[in-house]
Amino acid sequence: MRRNANAAGGGHVRAKKQYGQNFLIDEGILDEIVEGAGITGEEIVVEIGPGLGSLTKRLCGQAGFVLAVEIDQELLPLLSASLHPYQNIKLLHADIMKISLLEEVQTFREKRGIPDAYPVKVVANLPYYITTPILMKLLEEEPFVEDITVMVQKEVGERICALPGSRDYGALSVACQVRCETEWLIDVPPESFRPRPKVDSCVIRLAKRQEYAVSPHDIKMFWNIVKAGFNQRRKRLANSLTNAGLCRKEEIEKVLEDLGLDVNIRAEKCSLQDFANLADGLDAGDR
Ligand code: SAM
């Protein structure tokens, strides 16, 4: 397969597989991403992996400010050249997983005099080899990020947006839906990229909620139940939680009964509220 892509300056760049480089070449999709992200001109957009800059240019044209974080040193001179006309961007050579986005954004705000009121939104065509770690970082470690519009592998998008009872519903669905409103924006075929990925893609938007969708007393217990339940998703929830040492079998069966839930229920059938109620039920039993 040809793995070359046109650089903005007209030359050719060899796409690096180890960095998940599949450059977006479909102008229509690029426009739809920017539109779907709800950019107003009064925000800081963080782009993870600007690549050859096709999305970056559009973001610079519409967003207040752009902070673009790229791991591939070789792309930096090309990017700087093609983004030369824009004054509202900072290009950062870094591995997104190794930096504190909060610190980088604060420095950017101070240096450019960006109002504190400007929210931070992430817009990116993500490198697929680290999609989940990046999303978990944005959800858990960088809570100030208010909005996330990202291209992901279609299968991952389906897991993020899945509802209870569906095959794709799992810990990632709960992790995203507890903190965000999730929205499926568009389907994207392999032909929209160069080189073409072997998988279908989609663009989703995660808008952070002001507060979690549910409010169990013990949030740690809530996450432990979710993790244990989906670690053994084919097993009855009562067994998974007992095996994980979270409770005794009689205890969880009583809580399930009290909640009016089937004692044989599996994690994949539990709503966010069911998980929260279970956490509270087991928590109350402990007191
Ligand atoms: N935004 C470009 C586009 O839409 O054409 C490129 C998207 S490409 C799927 C993913 C980009 O993320 C590549 O430019 C790659 O070098 C960069 N990347 C990969 N791993 C990264 C990391 N850990 N930190 C920052 N950037 C990374």
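These numbers come from a predicted model, not from an experiment. Atoms within each ligand, like the ligands themselves, are counted from 1 in listed order.
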Which residue, Asn22, Val188, Ile204, forms the side chain to side chain contact (heavy atoms under 4.5 Å, CB included) with Met151?
Val188

Test item: His93 side-chain N/O and Asp72 main-chain N/O as donor-acceptor pair under 3.5 Å:
no

Provide the number and element of each atom of ligand 1 under 4.0 Å from a heavy atom of Ala94.
24 (N), 25 (C)

Considering only the protein, which heavy-atom contact is closest to atom 18 (N) of ligand 1, and what is its distance?
Ile71 CG2, 3.6 Å

If only atom types and distance count, is the side chain of Asn231 paired as donor or acceptor with the main-chain N or O of Ala228 below 3.5 Å?
no

Quick check: are there more than 12 heavy atoms from other residues, nucleotides or ligands sitting under 6.0 Å from NZ of Lys90?
yes

Mind checking whether Leu24 has an N or O less than 3.5 Å away from an N or O of ligand 1?
yes

Counting both backbone and side chain atoms, is some N or O of Ile96 under 3.5 Å from an N or O of ligand 1?
yes

State if Val69 counts as touching ligand 1 under the rule of any non-hydrogen atom under 4.0 Å.
yes

Of all the non-hydrogen atoms in the protein, which one sits nearest to atom 2 (C) of ligand 1, and at what distance?
Pro50 O, 3.3 Å

For atom 23 (N) of ligand 1, find the nearest protein heavy atom and state the residue, atom name and distance (0.1 Å precision).
Asp95 OD1, 2.9 Å

For Phe230, give me all partners under ring pair (Phe, Tyr, Trp, His ring centres under 6.0 Å), at least two apart in sequence or on another chain.
Tyr169, Phe275

Nearest non-hydrogen protein atom to atom 3 (C) of ligand 1, with distance, is Asn125 ND2, 3.5 Å

The answer for which part of Thr56 has a heavy atom under 4.0 Å from ligand 1 is neither

Structural part of Tyr128 in contact with ligand 1, heavy atom criterion under 4.0 angstrom:
neither

Would you say Lys137 has more than 12 foreign heavy atoms packed within less than 6.0 Å of its NZ?
yes

Which of the atoms in ligand 1, numbered in the order shown and given with their element, are less than 4.0 Å from a heavy-atom of Ile130?
23 (N)

For ligand 1, indicate whether the residue Ala124 contacts it via side chain, backbone, both or neither (heavy-atom separation under 4.0 Å).
neither

Proximal atoms of ligand 1 relative to Gly20 (non-hydrogen, under 4.0 Å):
8 (S), 9 (C), 10 (C)

Under a 4.0 Å threshold between the charged nitrogen and the carboxylate oxygen, would Glu35 count as salt-bridged to Arg58?
no

Would you compute the distance between atom CD1 of Ile48 and atom CG of Leu67 and round it to the nearest 0.5 angstrom?
10.0 Å

Is it true that a side-chain atom of Arg159 and a backbone atom of Asp168 form a donor plus acceptor pair closer than 3.5 Å?
no

Shortest protein heavy-atom distance from atom 6 (C) of ligand 1, along with the residue and atom involved
Gly49 O, 3.4 Å

Any side-chain donor near an acceptor of the partner, Asp274 and Ser271, under 3.5 Å
yes

Between the candidates His93, Gln73, Gln18, Gln21, which shows the shortest non-hydrogen contact distance to atom 13 (C) of ligand 1?
Gln21

Return yes when Leu126 approaches ligand 1 closer than 4.0 angstrom through a heavy atom, no otherwise.
yes

Considering non-hydrogen atoms of the protein only, which is the closest contact for atom 19 (C) of ligand 1, and what is the distance?
Tyr19 O, 3.1 Å

I'd like to know whether NZ of Lys269 has more than 12 heavy-atom contacts from other residues, nucleotides or ligands below 6.0 angstrom.
no

Listed partners of Arg248 passing salt bridge (charged side-chain N to carboxylate O under 4.0 Å, His left out), at least two apart
Glu250, Glu251

For Ile48, is at least one N or O under 3.5 Å away from an N or O on ligand 1?
no

In the protein, what heavy atom is nearest to atom 16 (O) of ligand 1, and what distance, to one decimal place, separates them?
Glu70 OE2, 2.6 Å

The atoms of ligand 1 lying under 4.0 Å from a heavy atom of Phe23, numbered in the order shown, are 5 (O), 6 (C)

Hey, does Glu47 come in under 3.5 Å of ligand 1, counting only N/O atoms on both sides?
yes

Contact between ligand 1 and Asn22 is defined here as a heavy atom of the residue under 4.0 Å from a ligand atom; is it met?
yes

Passing option when Ile252 is tested against Asn239, Leu241, Ile225 for side chain to side chain contact (heavy atoms under 4.5 Å, CB included):
Leu241

Check this for me: Glu191, atom CD, are more than 12 non-hydrogen atoms of other residues, nucleotides or ligands nearer than 6.0 Å?
yes

Shortest protein contact, atom 20 (N) of ligand 1 (heavy atom only):
Tyr129 OH, 2.8 Å

